[in-house]
Visitor: 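Pasting a structure here, questions to come.
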Amino acid sequence: MTRLFNDPAAFADEALEGFTAAHRRWVRPVTGGVVRATATPAGQVAVVIGGGSGHYPAFSGLVGRGLAHGAAVGNVFASPSARQIHSVATAAHVGGGVLLMYGNYAGDVLHFGQAAERLAADGIEARTFAVADDISSAGPEESAKRRGIAGDLPVFKAAAAAAEQGLPLEEVLRVAERAGARTRSFGIAFSGCTLPGADHPLFTVPAARMAVGLGIHGEPGIGEEALPTADEAARLLVETLLKELPEDVADPAGQRAAVILNGLGSVKYEELFVVYRRVAALLGDAGVEIVDPEVGELVTSFDMAGISLTLTWLDDRLEELWRAPADTPAYRKGALDAAEPDLDRAPVTAAAQDTAVPAAPVVPAASDASRRAAGTVLAALDAVARVVDAHADELGRIDAVAGDGDHGIGMRRGSTAAHWAAADAHGLGAGAGTVLTRAADAWADKAGGTSGALWGTILRSLGTALGDREAPDAARVAEGVTEASAAVRQLGGAEVGDKTMVDVLVPFADALAAATGEGLPLADAWDRAATTATAAAAGTADLLPRRGRARPHAEKSLGTPDAGAHSLALITRAVHGALLDHH
Ligand SMILES: Nc1ncnc2c1ncn2[C@@H]1O[C@H](COP(=O)(O)OP(=O)(O)O)[C@@H](O)[C@H]1O
Ligand SMILES: O=C(COP(=O)(O)O)[C@@H](O)CO
């Protein structure tokens, strides 16, 4: 149970505020997260990590000398937005380029990728690396789809130590790739976490049972077994990891490995030590030499009861980097010289601040017809925010079946911010296109997560199609929806049948184009397409997910529609109401 919070929606921000107040020696706050409070030599590659809140010490607790130069901090279990990441990276950059590092989750991949593009557009060289160490989340033949869990730490650390040695960006990236390829994790869980404000855990495990193959967002395990003794748990973890050695490790005997026994939140240190005692013995029996083991909480999931074991198979170079000193709020190792405070730099660079300022107080010129259409757009976005708010709990429940239960929270945050931004732009006399693009930026920025990136793209595509000049007719709106559908498929890589919102967006766009092609007025055409969308969303219950958070728990999701598909269908129906009212 998460007991101490004020407004659950403010939990992540308030936790970050307290964290920075408590750790000023190491970090200073910037828009979107934190950067080192200590000076970094000019020209050093900046390693910027990040992810959702709810995993402390990942990610803000790992910022400091020898480890990350900055961390972008998202909301609870949601990736930070591209704007947040861009802001933190801009503040952390000291001329050597930026390596963005995160766990391999759809939302993180989308937002960090977009942030890298924005950094490149600013003339800052940026590369990305997603840690994918959790062997339970996909088979070896699909290892690129694996999630990142406690293996984040050794991979971040290897890259950051290489950056600290003054290596150029491409070489730091190669170190990250090598460490990632040699890092594997596997975990077990006894209960899920309870998010701030929620009254029940994201999943439960029957008494005397354990979930095998945990995720760090309350994803249930991929299997269930009888509750083990500590020694049996150690054996399961070690034997499972020894069965999946990296390609270039033929035999564990004679190898050296960095070992992390990680507690997810409510398994305490002495329990971990009881397990570690056996882990160490079993690895020793297998001929593995353990190097600088870590036993403790390094990537958590609120009060989740679970543990995971991570092995990084070391070569001489990786061992040197693993042993290198580090000084961060949550992870310290070896000895470093006295730190120089970062006195030369403004608290937040001007460029970083720019990314965070609210929408500009001026809007591009628009025709009267487009401004009138903007009124309809605003009413539609109001309807979107209302329907999402009314269904937020239901969306969370659907998402919790096989995902992380945050779909309602993220959609509520995004749609509310979009409505406010649209109202601001409309008040300034913006045309329909600008109202939509401002709403798009606000949605992506405030929601983060997969759906934040995708809804930002949907609204941006529509805004571009509608523009600020013409009165958008039914055909133009249908074209905009078709372009939004193409953009979402391009960004997320999902196709029809993967059990995502694409299963609704594509038939909705097709039905709208067909109905407007027949000459139906917009509201009638939209009505017909919304009916198609509702049926398509219901149909996703029969599909097995092939993308996103739900994929490793495919069977569990059979019989339940996809959360993002369902929310999209609800939205299309609500927008129809607004179109009728503004007819
Ligand atoms: N690659 C993808 N392309 C399109 N939609 C996706 C993709 N991955 C996930 N989704 C959609 O995103 C929804 C989840 O959104 P959200 O709750 O923000 O996810 P997360 O918590 O995983 O970031 C899913 O229900 C699905 O509809
Ligand atoms: O949850 C996280 C990001 O993943 P999403 O795909 O946005 O849900 C984060 O906690 C892990 O970095």
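Values below: every heavy atom of this structure, side chains too, minus hydrogens, waters and symmetry copies. When a ligand or atom number is given, it counts from 1 through the structure's own listing order.
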Visitor: Any carboxylate oxygen within less than 4.0 angstrom of a Lys/Arg side-chain nitrogen, looking at Asp389 and Arg412?
Guide: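 Yes.
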Visitor: If the plane angle is over 60° it's perpendicular, under 30° parallel, otherwise tilted; pick one for His217 and His55.
Guide: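 The arrangement is perpendicular - the two ring planes meet at more than 60°.
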Visitor: Considering Ile409, Val488, Thr450 one by one, which has a heavy atom nearer to atom 20 (P) of ligand 1 than any of the others?
Guide: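 When every heavy atom of Ile409, Val488, Thr450 is considered, Thr450 comes closest to atom 20 (P) of ligand 1.
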Visitor: Report the member of Gly107, Ser451, Gly452 with the shortest heavy-atom distance to atom 6 (O) of ligand 2.
Guide: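 Closest candidate by heavy-atom distance is Gly107.
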Visitor: Is the shortest N/O to N/O distance between Gly492 and ligand 1 below 3.5 Å?
Guide: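 Between Gly492 and ligand 1, an N or O pair is found under 3.5 Å apart.
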Visitor: Could you establish whether Ala78 and ligand 2 come within less than 4.0 Å of each other, counting only heavy atoms on the residue side?
Guide: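 Right, Ala78 reaches ligand 2.
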Visitor: For Gly449, counting its heavy atoms only, list the atoms of ligand 1 lying under 4.0 Å from any of them.
Guide: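 Those atoms are 23 (O).
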Visitor: Could you list which atoms of ligand 2 come closer than 4.0 Å to a heavy atom of Gly449?
Guide: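 Answer, ordered by atom number: 7 (O).
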Visitor: Using a strict cut-off of 4.0 Å, indicate which atoms of ligand 2 neighbour a heavy atom of Thr450.
Guide: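 In order of number, 6 (O), 7 (O).
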Visitor: Flag the pair Tyr102 / Ile85 as yes when at least one side-chain heavy-atom distance between them is below 4.5 Å, and no otherwise.
Guide: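 No, their side chains stay 4.5 Å or more apart.
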Visitor: Would you say ligand 1 has an N or O under 3.5 Å from any N or O of Ala106?
Guide: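 So ligand 1 has no N or O lying under 3.5 Å from an N or O of Ala106.
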Visitor: Go through ligand 2 atom by atom and flag the ones less than 4.0 Å from a non-hydrogen atom of Phe59.
Guide: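 Answer for ligand 2: 12 (O).
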Visitor: Between Lys268 and Glu297, does at least one N-O distance fall below 4.0 Å, as a salt bridge requires?
Guide: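 Between Glu297 and Lys268 there is a salt bridge, with a charged N closer than 4.0 Å to a carboxylate O.
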Visitor: Taking distance alone, with N or O pairs closer than 3.5 Å, would you say Ser451 contacts ligand 1?
Guide: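 Min N/O separation from ligand 1 is below 3.5 Å for Ser451.
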Visitor: Who's closest to atom 24 (C) of ligand 1 heavy-atom-wise, of Thr540, Leu491, Leu568, Asp562?
Guide: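 Checking each option, the heavy atom nearest atom 24 (C) of ligand 1 is found in Asp562.
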Visitor: Nearest heavy-atom pair of Gly452 and Trp443: which atoms, and what distance?
Guide: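 Closest approach of Gly452 to Trp443, heavy atoms only: CA-CD1, 3.9 Å.
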Visitor: Measure up the His23 and Phe19 rings against each other and bin them: parallel (under 30°), tilted (30 to 60°), perpendicular (over 60°).
Guide: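 Tilted.
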Visitor: Hey, which atoms in ligand 2 end up nearer than 4.0 Å to a heavy atom of Ala106?
Guide: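 Answer for ligand 2: 6 (O).
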Visitor: Going by distance only, is there an N or O of Gly50 that falls short of 3.5 Å from an N or O of ligand 2?
Guide: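 Min N/O separation from ligand 2 is not below 3.5 Å for Gly50.
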Visitor: Please say whether Leu454 places an N or O atom under 3.5 Å from an N or O atom belonging to ligand 1.
Guide: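 No, since none of the N or O atoms of Leu454 sits under 3.5 Å from an N or O of ligand 1.
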Visitor: Non-hydrogen atoms of Tyr102 versus ligand 2: any pair closer than 4.0 Å?
Guide: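 Heavy atoms of Tyr102 never come under 4.0 Å of ligand 2.
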Visitor: Taking only Lys NZ, Arg NE, NH1 and NH2, and the carboxylate oxygens of Asp or Glu, determine whether Asp133 and Arg147 approach each other closer than 4.0 Å.
Guide: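 No.
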Visitor: Below 3.5 Å, N or O to N or O, backbone or side chain included: is there any such pair between Gly52 and ligand 2?
Guide: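 Yes - when backbone and side-chain N and O of Gly52 are compared with those of ligand 2, one distance drops under 3.5 Å.
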Visitor: Any side-chain donor paired with an acceptor under 3.5 Å for Ser485 and Arg489?
Guide: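 On atom types as modelled, these side chains qualify, holding a pair under 3.5 Å.
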Visitor: Looking only at distances, can you tell me whether any N or O atom of His217, backbone or side chain, sits closer than 3.5 Å to an N or O atom of ligand 2?
Guide: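 Min N/O separation from ligand 2 is below 3.5 Å for His217.
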Visitor: Closer than 4.0 Å to some heavy atom of Asp108 - which atoms of ligand 2 meet that?
Guide: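 In order of numbering, the contacting atoms are 2 (C), 3 (C), 4 (O), 9 (C), 11 (C), 12 (O).
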Visitor: Counting each atom of ligand 1 from 1 as listed, which ones have a heavy atom of Asp406 under 4.0 Å away?
Guide: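 What qualifies from ligand 1 is 17 (O), 21 (O).
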Visitor: Any atoms of ligand 1 less than 4.0 Å from a non-hydrogen atom of His407? List them with their elements.
Guide: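 Near His407, the atoms of ligand 1 are 14 (C), 15 (O), 16 (P), 17 (O).
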Visitor: Is any side-chain N of the basic residue among Asp503 and Lys499 closer than 4.0 Å to the acidic one's carboxylate O?
Guide: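 Here Asp503 does not pair with Lys499 in a salt bridge, since their nearest N and O are not under 4.0 Å apart.
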Visitor: Would you check if there is a donor-acceptor pair between the side chains of Gln84 and His111 at a distance under 3.5 Å?
Guide: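 Absent: no donor and acceptor within the cut-off.
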Visitor: When you compare ligand 2 with Ser53, is there at least one nitrogen or oxygen pair between them that comes in under 3.5 angstrom?
Guide: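 No.
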